[in-house]
Amino acid sequence: MAVDDYSTRVVVVVVVTSLALALFGGVGAVLGGSCVRVSATRVLIGGWISMAVTYGLLKPLDSFTDRKMGKDD
């Protein structure tokens, strides 16, 4: 990755993914003939929820992965 710091990397991934979610939500709305603002917002919020759930479920495995890779806190 281009960013070394873990916290900064998470922020960069969230920002870039949020932009992509809003863009694709808007494109889908245009193609489907619905309101762009509502569709982009719906896709963005759904994406945020799925990212939060995934992060929350996988975060406890960080300590296991670190031990297996030989990294210490």
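Below, each value reflects all heavy atoms present in this structure, side chains not excepted, and no hydrogens, waters or symmetry copies. Heads up: numbering here begins at 1 and tracks the sequence.
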What's the spacing between [X] [atom1] and [Y] [atom2] if we round to 0.5 Å?
| X | Y | atom1 | atom2 | result |
| --- | --- | --- | --- | --- |
| Tyr55 | Asp62 | OH | CG | 7.0 Å |
| Thr17 | Leu44 | OG1 | CG | 10.5 Å |
| Leu23 | Ser18 | CG | OG | 12.5 Å |

Under a single-linkage definition using a 4.5 Å side-chain heavy-atom cutoff for Ile, Leu, Val, Met, Phe, Trp and Tyr, are [X] and [Y] assigned to the same hydrophobic cluster?
| X | Y | value |
| --- | --- | --- |
| Val53 | Ile45 | yes |
| Met51 | Val43 | yes |
| Leu57 | Ile49 | yes |

- Message: So does Gly47 get a backbone contact from the side chain of Ser50, meaning a donor-acceptor N/O pair under 3.5 Å?
- Response: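 Judged by distance alone, yes, a pair lies under 3.5 Å.
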- Closest approach of Ala29 and Cys35, non-hydrogen atoms and distance?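 Where Ala29 meets Cys35 most closely, the heavy atoms are CB-O, 3.8 Å.
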- Do you know which two heavy atoms are closest between Ser39 and Gly25, and how far apart they sit?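 That closest heavy-atom pairing would be CB-O, 3.7 Å.
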